[in-house]
Chemist: 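Would you mind keeping the following structure in view while I ask a few things?
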There are 4 protein chains.
Amino acid sequence: MAPNPTLSPPTTTTPTLTLSGARIALAAAETHALEIGVPMNIAIVDSSLHLLAFTRMDNAKLTSINIALDKAFTAAGHRISTSSYRENVWPGGVAFGINNTNSGRFCTIGGGVPILDEEGKILGAIGCSTGTPVQDEEVASKGRDAVLTIMREERWVVGEERAKADERSRKRKRVNGIGEPSQHVDIEEIVA
Amino acid sequence: MAPNPTLSPPTTTTPTLTLSGARIALAAAETHALEIGVPMNIAIVDSSLHLLAFTRMDNAKLTSINIALDKAFTAAGHRISTSSYRENVWPGGVAFGINNTNSGRFCTIGGGVPILDEEGKILGAIGCSTGTPVQDEEVASKGRDAVLTIMREERWVVGEERAKADERSRKRKRVNGIGEPSQHVDIEEIVA
Amino acid sequence: MAPNPTLSPPTTTTPTLTLSGARIALAAAETHALEIGVPMNIAIVDSSLHLLAFTRMDNAKLTSINIALDKAFTAAGHRISTSSYRENVWPGGVAFGINNTNSGRFCTIGGGVPILDEEGKILGAIGCSTGTPVQDEEVASKGRDAVLTIMREERWVVGEERAKADERSRKRKRVNGIGEPSQHVDIEEIVA
Amino acid sequence: MAPNPTLSPPTTTTPTLTLSGARIALAAAETHALEIGVPMNIAIVDSSLHLLAFTRMDNAKLTSINIALDKAFTAAGHRISTSSYRENVWPGGVAFGINNTNSGRFCTIGGGVPILDEEGKILGAIGCSTGTPVQDEEVASKGRDAVLTIMREERWVVGEERAKADERSRKRKRVNGIGEPSQHVDIEEIVA
């Protein structure tokens with residue numbers, strides 16, 4: 001039954017990453033890329049899937065630019081890490097052929113990591129490329145973790161409000177256990 | 001007669017912008033965009049025409065993302081500001097139709113500004129979009145000017161070498177007059 | 001922490017193949033194609049991935065033109081032979097789906113061979129097509145080897161400087177063993 | 001009435017440029033480009049419109065690569081110089097919109113010159129780009145003229161047959177007047 005239009009608002013607001021959040025992710029990802037010695041192409045998109053920020057580190061591969069952009073696009077669009085698909089997209093898998101969708105942009109190579117808020121809503125994603133997919137995903141994860149940490153600890157709050165922000169942050173850690181951001185999503189639930 | 005391959009080296013080096021240079025341009029462009037109150041999409045490519053850095057400022061137009069990318073691509077590829085073409089690409093102009101080339105990426109809307117070194121060699125370009133083309137070009141020019149200033153004054157040189165760098169910088173200013181970077185290219189000379 | 005832009009130069013120089021180098025590769029590849037009796041499409045790109053030279057030998061396949069272009073593009077972009085990917089890009093492999101990236105230009109069929117300088121930096125690549133991938137790669141390799149030999153022996157140096165060039169060339173051979181150019185890269189290290 | 005199939009052969013042969021002919025054109029075009037000091041991208045296609053040879057001279061513009069390819073494609077396809085269209089393709093002209101055809105490859109910027117045989121049949125075309133369209137067409141014309149001269153004088157004939165070839169060549173010049181190849185085609189006759 002169609003919803004009664006008088007009970008469903010015609011507009012809403014959607015959470016999304018800002019340029020500020022993107023920069024946090026970019027800096028953390030870049031730092032880790034330097035640590036492991038693999039120069040990366042790093043792309044950040046927001047919840048609308050559109051490009052928010054991009055960085056090509058010195059000596060990153062030129063054909064990896066487009067791959068990083070596609071990984072971010074895909075991770076934000078489908079809301080799971082691009083490494084998750086595995087057998088689901090190989091011949092025999094239920095989503096075989098998905099790589100051709102979205103004008104060939106749907107990238108199922110590891111390195112694209114979604115950024116979800118506390119309620120599980122998509123904020124955006126980060127896509128990395130030039131290393132092995134494992135390295136790419138590792139760097140992207142560092143970027144996502146940095147944003148989540150800033151969010152959880154409300155780091156942008158300063159001055160008088162800081163004490164209340166610290167208290168809210170402590171409550172979140174008690175609820176979630178030791179404060180590691182964990183956003184692994186089971187592929188059986190979300191495919192295609 | 002074709003050049004003798006045994007007398008011409010098989011390799012050479014080409015100058016190009018680095019991520020560090022791109023960041024300088026990005027920061028200056030963004031600052032000016034904030035000053036004029038127009039949030040911009042800012043894209044930087046290097047001399048290979050490939051994307052080096054990108055920033056979408058809060059509230060910049062989503063359909064301007066691609067335009068900024070194309071402006072940077074075009075400005076670096078043809079080595080002149082994208083605002084230069086004017087009547088040359090309108091009906092009646094000698095380059096009419098150029099907008100369809102390069103898979104439609106050749107953008108002749110103002111906002112793309114090339115970055116050339118002292119010898120006139122292309123280093124890369126910066127493309128901005130969301131404002132009027134005049135505003136876009138103004139912001140892009142600030143970005144280019146910042147990089148040229150850093151280059152002319154060798155700002156990355158610190159410590160003991162700083163004195164020699166200052167001296168070389170003073171000589172450049174004496175040669176070029178008051179040290180404002182000016183890279184206007186006459187469109188009659190370079191089209192298509 | 002992001003790198004300090006004031007301490008890192010805003011520009012650099014990147015090595016690249018010249019038209020002269022491309023011609024050397026083209027001639028050697030063509031000669032070998034004639035020797036094995038397989039007419040080839042031969043494409044050469046430089047380190048920017050852009051086309052530098054192309055030759056379609058008499059009776060080469062028309063649908064192989066684009067394949068040769070893509071092989072060169074891919075080999076220069078990812079810096080390894082296009083034959084290297086094998087199981088990494090088949091179903092089950094970590095880079096499955098990479099063929100859809102870069103607007104479908106990422107070609108993992110053998111025949112694309114990168115040209116790297118002594119320091120391992122990418123100079124460009126040569127892509128061949130019409131024969132079997134093994135034949136294509138063989139012809140492309142001859143082209144790459146010819147350029148490397150010219151570089152190692154500094155053949156473009158003539159006249160008075162020739163003696164010093166010979167001496168430098170002898171030193172290179174002593175360091176590297178018998179002077180066969182070998183640029184095999186382990187695929188486990190560089191994927192996606 | 002459909003033709004009687006027993007009177008029309010099911011196959012035929014079409015004249016076309018060879019790689020050898022393409023090289024003649026390439027060398028002459030390149031020489032002239034050096035003479036006028038404008039580094040060119042030079043593309044040659046045969047009568048099937050497919051790429052036969054390509055050269056990017058040192059310092060030619062990267063965004064001009066694609067333009068040269070499109071000019072050659074268009075000149076061979078429509079069999080007239082790409083500079084011919086003028087008002088026919090501007091708003092108000094009978095062929096306005098033609099630039100969007102052929103996936104945007106139909107290029108009406110000067111610099112593409114067809115190569116026609118004595119009977120007016122298309123053999124291929126040469127497309128040049130980086131200079132002004134006038135310079136581009138001038139360089140392309142030199143390439144075409146070189147091929148036509150070789151054809152008219154049957155330069156590939158050597159040894160005993162040379163005398164007869166010279167005689168045929170002299171007859172051609174007497175018929176055509178002073179031996180300048182002239183292939184200007186009136187645009188009123190051939191459009192769209």
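Order of the sequence lines fixes the chain letters, A, B, ..., with proteins taken first and strands second; residue numbering starts at 1 for each chain.
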Chemist: For D:Ser20, what residues pass the side chain to side chain contact (heavy atoms under 4.5 Å, CB included) criterion, not counting sequence neighbours?
Modeler: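 Scan of D:Ser20 (side chain to side chain contact (heavy atoms under 4.5 Å, CB included), adjacent residues dropped) gives D:Thr18.
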Chemist: Listed by residue number, which members of residues 42-55 of chain C have a heavy atom under 4.5 Å from any heavy atom of chain D?
Modeler: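 The stretch touches chain D at C:Asp46, C:Ser48, C:His50, C:Leu51, C:Leu52, C:Ala53, C:Phe54, C:Thr55.
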Chemist: Inspect the surroundings of CZ in C:Arg86 and state if more than 12 heavy atoms from other residues, nucleotides or ligands are less than 6.0 Å away.
Modeler: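 No, the 6.0 Å shell around CZ holds no more than 12 heavy atoms from other groups.
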Chemist: Test: salt bridge (Lys or Arg N to Asp or Glu O under 4.0 Å). Region: residues 99-116 of chain D. Which pairs qualify, not counting sequence neighbours?
Modeler: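 Salt bridge (Lys or Arg N to Asp or Glu O under 4.0 Å) check on residues 99-116 of chain D returns D:Asp70-D:Arg105.
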Chemist: May I ask you to check whether over 12 heavy atoms, not counting those of C:Glu160, lie within 6.0 Å of atom CD?
Modeler: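 It does not: C:Glu160 CD has 12 such atoms or fewer within range.
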Chemist: Going by salt bridge (charged side-chain N to carboxylate O under 4.0 Å, His left out), name the residues that satisfy it together with C:Glu35, two or more places apart in sequence or in a different chain.
Modeler: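 By the salt bridge (charged side-chain N to carboxylate O under 4.0 Å, His left out) rule, C:Glu35 matches no residue at all.
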Chemist: Hey, what do you get for CZ (C:Arg56) to CG (D:Leu19), rounding to the nearest 0.5 Å?
Modeler: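 Answer for the CZ-CG pair, C:Arg56 versus D:Leu19, is 9.0 Å.
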